[in-house]
Amino acid sequence: MAKNQLNCIGVLTSGGDAPGMNAAIRAVVRRGLAKGLQVKGIMKGYEGLIDEQIKDMQAHDVSDTIQKGGTVLYTARCKEMRTEEGVRRAAENCLKHGIEGLVVIGGDGSFRGAEALANHGINVVGVPGTIDLDISCTEYTIGFDTAVNTAMEAIDKVRDTSTSHERCSIIEVMGRNAGYIALWCGIANGAEDILLPEKYDYDEQKIIDNIIENRRRGKAHHIIVNAEGIGHSASMARRIEAATGIDTRATILGHMQRGGSPTAKDRVYASVMGCMAVDVLCEGKTKRVIGYKNGHFQDFDIMEGLAMEKHIDDYEVEIASSLSHNYNKYDQVFGGEFAE
Ligand code: ATP
């Protein structure tokens, strides 16, 4: 392994927790130790950096964690870090504890905090940890795969009971303002309708017409996967039931999607990204974020990485629609873009 100029690095998790964060922490700790570094774990994200909740990490501190959901370092949303005084204190505490390089595992907000710290002389590298997949420079974020699989299994179960009772079911999945989890679940669960914040035109009558048409053709169930960014599933269910006369229920999957044992993909990718973050710091780089793009793990400038263009794939959206047996609805859902 290449020799490095750093003596001590820190690692923290920040923002929403995501399955696979522990694999990333484990990788940072063990890669760092293997490179002869001292590694410090910072509890509760930036809150722990400001309050000095900092502890030495040894290899055994991360044993028996790779298979666990959540984060053994805990996480938090820290208002103080959004202030100049908070950033200054966080940077001072890094210096006080000898932390020359910091690995921040979290979402875009956490990376903005990292960038602010870098402006105070701390070398920083971000590792994308969020179930939402909403970080522009990367096609993969830690936790997305597990969250999608958890939601998919839950939706399968709702579908069983929905079919038995000939109901319409609206199932709301997480993702904040991004529709990636909804799109993946929509395809994986064979949903009749998928409502994505990036695409939805809020014309509920089209959905109602679809439900009525599907029922006329003999479909027993109607699954609508609704994204958190659209929300209001319960009121939508009441309106659909009133308009169609079909028993309609809303299920909001909520935080169950953030928990559970990470999938193999989340464990492996998080391990690679955690190691790479240490390697990047050891190369003397700072203000970097690790991403997975075009089949490769790469590092990007944090601000450039966050500013890159990223879109829901229109072809995947079109496929989701074409597989849902609503053969005539492309133009309804997508404004005619894919109409035959
Ligand atoms: P998720 O996608 O899971 O919500 P996130 O990292 O985007 O993760 P945020 O709550 O946006 O979650 O950010 C996490 C923390 O990062 C904040 O609580 C705050 O402490 C810090 N942070 C966010 N934005 C900034 C900023 N502009 N400057 C300094 N610190 C920030």
Side-chain angles (χ1 to χ4, degrees), residues 15-22 67-71 75 77 106-107 128-135 140-200 202 204 207 211 220-241 246-266 312 316-317 320-321 323-324:
D17 66 318
M21 279 184 163
N22 285 328
Q67 79 283 12
K68 290 183 178 152
T71 157
T75 184
R77 300 190 196 270
T130 167
I131 65 168
D132 304 334
L133 196 61
D134 60 351
I135 296 175
Y140 165 83
T141 58
I142 295 169
F144 173 75
D145 192 58
T146 306
V148 164
N149 278 284
T150 301
M152 179 191 74
E153 286 174 18
I155 294 169
D156 280 345
K157 289 174 180 149
V158 174
R159 186 195 186 111
D160 287 345
T161 176
S162 187
T163 304
S164 303
H165 288 269
E166 298 179 275
R167 280 186 187 132
C168 171
S169 290
I170 303 172
I171 302 155
E172 188 173 311
V173 298
M174 291 183 88
R176 297 187 98 174
N177 294 321
Y180 296 102
I181 296 178
L183 177 60
W184 271 63
C185 286
I187 295 173
N189 293 99
E192 277 64 39
D193 280 297
I194 309 169
L195 309 184
L196 308 174
E198 297 88 345
K199 300 284 176 189
Y200 186 42
Y202 291 85
E204 229 164 69
I207 300 171
I211 295 167
H221 62 263
H222 192 104
I223 301 290
I224 301 169
V225 174
N226 186 28
E228 178 185 6
I230 293 169
H232 302 287
S233 297
S235 56
M236 198 186 291
R238 284 194 293 276
R239 288 191 299 272
I240 287 175
E241 181 166 315
I246 295 168
D247 188 12
T248 302
R249 304 286 172 96
T251 305
I252 298 168
L253 297 183
H255 281 163
M256 68 175 292
Q257 294 160 95
R258 289 236 289 252
S261 181
T263 59
K265 180 169 182 175
D266 276 330
I312 285 271
E316 288 177 22
V317 173
S321 180
L323 296 179
S324 72

Exceeds 12 heavy-atom contacts within 6.0 angstrom, atom CG of Asn177:
no
Please name the pair of heavy atoms, one in Pro197 and one in Gly179, separated by the smallest distance, quoted to 0.1 Å.
CD-CA, 3.8 Å
So how far is it from Asp156 CG to Glu153 CD, rounded to the nearest 0.5 Å?
7.5 Å
Measure the shortest side-chain to side-chain distance between Ile207 and Tyr200 over non-hydrogen atoms and say whether it is less than 4.5 angstrom.
yes
Sub-4.5 Å side-chain heavy-atom contact between Glu192 and Ile224:
no
Could you go step by step and tell me if Thr161 and Arg167 meet the side-chain contact (heavy atoms from CB on, under 4.5 Å) rule?
CA-CA 8 Å; Thr161 176; Arg167 280 186 187 132; 3.9 Å; yes
If only atom types and distance count, is the side chain of Thr163 paired as donor or acceptor with the main-chain N or O of Ala220 below 3.5 Å?
no
Are Leu195 and Met236 packed together at the side-chain level, in the sense that at least one heavy-atom pair is separated by less than 4.5 angstrom?
yes
For the student: nearest non-hydrogen atoms of Gly69 and Pro262, plus distance
N-CD, 4.0 Å
Any side-chain heavy atom of Asn189 within less than 4.5 Å of one from Ile171?
no
Worked check of side-chain contact (heavy atoms from CB on, under 4.5 Å) between Ile312 and Val317
CA-CA 8 Å; Ile312 285 271; Val317 173; 3.3 Å; yes
Shortest non-hydrogen pair, Ser169 vs Val158, comes out as OG-CG1, 3.8 Å
Glu172 side chain to Glu228 backbone, donor-acceptor under 3.5 Å
no
Could you go step by step and tell me if Glu316 and Trp184 meet the side-chain contact (heavy atoms from CB on, under 4.5 Å) rule?
CA-CA 9 Å; Glu316 288 177 22; Trp184 271 63; 4.2 Å; yes
Just by modelled atom types, is the Ala147 backbone N or O under 3.5 Å from a matching donor or acceptor in the Gln257 side chain?
no
Going by atom types only, do Thr263 and Asp145 share a side-chain donor-acceptor pair under 3.5 Å?
yes
Return the minimal non-hydrogen interatomic distance between Ala18 and Gly129, and the atom names on each side.
CB-C, 4.3 Å
Within the 4.5 Å heavy-atom criterion, are Phe144 and Ile181 side-chain neighbours or not?
yes
Given side chains that start at C-beta, do those of Ile246 and Ile240 come closer than 4.5 Å, heavy atoms only?
no
With the side chain counted from C-beta on, respond yes when Tyr140 and Asp266 share a heavy-atom pair under 4.5 Å apart, and no when they do not.
yes
Which pair of non-hydrogen atoms, one from Ile135 and one from Pro128, has the smallest distance, and what is that distance?
CD1-CB, 3.7 Å
Given Thr150 and Leu253, is the side-chain contact (heavy atoms from CB on, under 4.5 Å) satisfied, shown in steps?
CA-CA 10 Å; Thr150 301; Leu253 297 183; over 6 Å; no
Using every non-hydrogen atom in the two residues, find where Asp17 and Arg258 come nearest and quote the distance to one decimal.
OD1-NE, 2.9 Å
Does Gly16 offer a backbone N or O that forms a donor-acceptor pair with the side chain of Thr75 under 3.5 Å?
no
Quick one: does any side-chain atom of Glu241 pair with a main-chain N or O of Thr248 as donor and acceptor, under 3.5 Å?
yes
Checking side-chain polar atoms at under 3.5 Å, does His232 have a donor or acceptor matched by the opposite partner on Asn226?
no
